[in-house]
Asks: 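I have a structure here, written as structure tokens, and I will follow up with some questions on it.
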Amino acid sequence: AKLVSESIVAGRLREPKKILGISLKMFAVISFSLMVLVIVFARPLSLMLSNNSTNYCIYMIAPSIFLVIISAAIKGYFQGYKCMTPSAAYQVIEAAFKLFGLAIIFIMIRRGITDVMILACGGVLGVTFGSFASAVFMIIRVLSEKELGKDTEGSLPSGKSSKIAKNIITLAIPISLSSAVMSVTSTLDMFLVKWNLKYFYSAAGEVGDKLTDLVKSTYGAYVGATSSLFNLPQAVTVTVGVAVLPFLTTAFAKKDRQEAFSNMRSSSKLVGMIAMPCTLGLSFLSEPIVKLLYSQSYWTVGISTLRILALSVYFVSFSSLTGVFLQSVGKVSTALLSMGAGAVIKLTANIVMVRLIGIMGAPVGTFLCYATIVILNMLFIKKYIGFSFPAADTFIKPFICSLISCSLAFLAWYFSAKFINSNIVCLALALIVAGVVYTASIFLFRLLSKEDMALLPKGDKLGRLLEKYNLIKD
């Protein structure tokens, strides 16, 4: 997306298709090689994870590596033209076809298949179905595209293929390493948390099979309930960074700092408005949420750890956005440095904290990790771009609005639970209260501006209406 945007701004109007072609060839070779490596090493990996059957699930999901990477190259091409509709359709199709996994599990159960690993393979196969269907859509979409790049009159000559390939590699390697750093950290974290939990419970006098079962059940509840809920808000906030990247790249390529800073302010405010209520909402309502979604065996660990881990949602959301800001000016390696520092903090904190306070130390390590990444990225953004995040709009006002709404939501759940014997009804009531109060708080504190409203579909008309009642800033 960054390279396509820069080519258009520079007047090399034929170059985007050349970039797409070269990137598809490169990514096809790399992704296919990675897919083969995953298949080859699936068995050793499953043995390392102390689960002899995990390799079958890995076999099922391995093709997704090839399909997702090819799709990513095509999405980047469209995003470079600021055309986000194909990416949105891709997400919808992928999510819809993933439901095939649930259908497969349902059919297996109806036919009397109860083996957990076979059912897991069926569920994982749904992920591959989703990747395949969405990849086919993106390929058809880009082959049928007639409008983008058709006006090439007066185009400057495209760059050499070798230079384009070098630029792709220069961008791709740090970005891939950043993802790899967090993936490797998560894997190491899994072993470290289990190992230190064993130490913690051993110090408490647990031994033998009881010790092993306690470590397995505690860690399973933490990953199964807490981590899965923690990852949900990121699915929304990460799209803001994806959407704003081509706009920032274009603005910086034109040396239009005013436009770039305007987009950075609006995207930061939007992420803050989404991430903060998710942060406090998951923390305040951790008990009814975990009780609704998970079995009783998960409740004790899931509720207490989610209260702490939820506080990291805000920083995780801004870690991806600040990384995009640095990427837009070519400072990808700088973002990698922040990731590395956060990973070291996380692993160190987990070793120390889990040994001291048990599983509650794991969310503390995650919080310190992402807080470190965001603080360093913000310092780098100030140094290399000169942009300072507006504290009032990105933190203070969203925090106050979220605190008011989530506090009232908690009270609504707490008191309704005394009279209504239905957790789902009480939680629904709390969420309605939170939504209404948060929306009212946003307008009360005039968090939105006309500039922000202009980014929304038909936002100009809505902005004029809200401005009439003095509900948004000029």
Asks: If I take atom OH from residue Y370 and atom OG from residue S312, how far apart are they, to the nearest 0.5 angstrom?
Replies: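 Here the rounded value is 8.5 Å.
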Asks: Mind checking whether L347 and L192 have side chains closer than 4.5 Å, heavy atoms only?
Replies: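 Of all side-chain heavy-atom pairs linking L192 with L347, at least one is under 4.5 Å.
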Asks: To the nearest 0.5 angstrom, please state how far the OG atom of S317 sits from the CD1 atom of I274.
Replies: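 So the gap between those two atoms works out to 8.0 Å.
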Asks: Got a sec: does the CZ of F230 have more than 12 other heavy atoms crowding it under 6.0 Å?
Replies: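 Atom CZ in F230 is crowded, with more than 12 foreign heavy atoms closer than 6.0 Å.
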Asks: Which residues pass the salt bridge (charged side-chain N to carboxylate O under 4.0 Å, His left out) test with K331, sequence neighbours left out?
Replies: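 Salt bridge (charged side-chain N to carboxylate O under 4.0 Å, His left out) list for K331, sorted by chain: empty.
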Asks: Tabulate below the donor-acceptor pairs under 3.5 Å that side-chain atoms of residues 246-254 make, not counting sequence neighbours, or state none.
Replies:
from	atom 1	to	atom 2	distance (Å)
T249	OG1	L245	O	2.9
T250	OG1	P246	O	2.8

Asks: Measure the OG-CD distance between S131 and E94 for me, rounded to the nearest 0.5 Å.
Replies: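 Going from OG on S131 over to CD on E94, the span is 5.0 Å.
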Asks: When you look at CD1 of I424, are more than 12 heavy atoms from neighbouring residues, nucleotides or ligands closer to it than 6.0 Å?
Replies: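 Result for CD1/I424: open.
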Asks: Can you give me every donor-acceptor pair (side chain of residues 431-444, partner residue at least two apart or in another chain, under 3.5 Å) with its distance?
Replies:
from	atom 1	to	atom 2	distance (Å)
Y438	OH	M273	O	2.7
T439	OG1	G435	O	2.8
S441	OG	V437	O	2.7

Asks: If the test is side-chain hydrogen bond (donor to acceptor under 3.5 Å, both in side chains), which one of T300, T366, T226 qualifies with T305?
Replies: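 One option only clears the test, and that one is T226.
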Asks: After noting the C-alpha distance and the side-chain angles of R355 and F200, does the key distance pass the side chain to side chain contact (heavy atoms under 4.5 Å, CB included) rule?
Replies: CA-CA 5 Å; R355 287 193 169 212; F200 174 77; 5.8 Å; no
Asks: Under the salt bridge (charged side-chain N to carboxylate O under 4.0 Å, His left out) rule, collect the residues that match up with R141, sequence neighbours excluded.
Replies: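 With sequence neighbours excluded, R141 shows a salt bridge (charged side-chain N to carboxylate O under 4.0 Å, His left out) to E145, given in chain and number order.
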Asks: Show me the side-chain donor-acceptor pairs of residues 371-378 shorter than 3.5 Å, one per line, residues at least two apart or across chains.
Replies:
from	atom 1	to	atom 2	distance (Å)
T372	OG1	L368	O	2.7
N377	OD1	S338	OG	2.7
N377	ND2	T322	OG1	3.0

Asks: Ring-plane angle category for F399 and F395, please: parallel below 30°, perpendicular beyond 60°, tilted otherwise.
Replies: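 It falls in the parallel class, under 30°.
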Asks: Please list every donor-acceptor pair under 3.5 Å in which a side-chain atom of residues 214-222 meets a protein atom from a residue at least two apart or in another chain.
Replies:
from	atom 1	to	atom 2	distance (Å)
S217	OG	D213	O	3.0
S217	OG	L214	O	3.1
T218	OG1	Y201	OH	3.3
T218	OG1	L214	O	2.7

Asks: Within a 6.0 Å radius of atom OH on Y294, are there more than 12 heavy atoms belonging to other residues, nucleotides or ligands?
Replies: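 Correct, the count exceeds 12.
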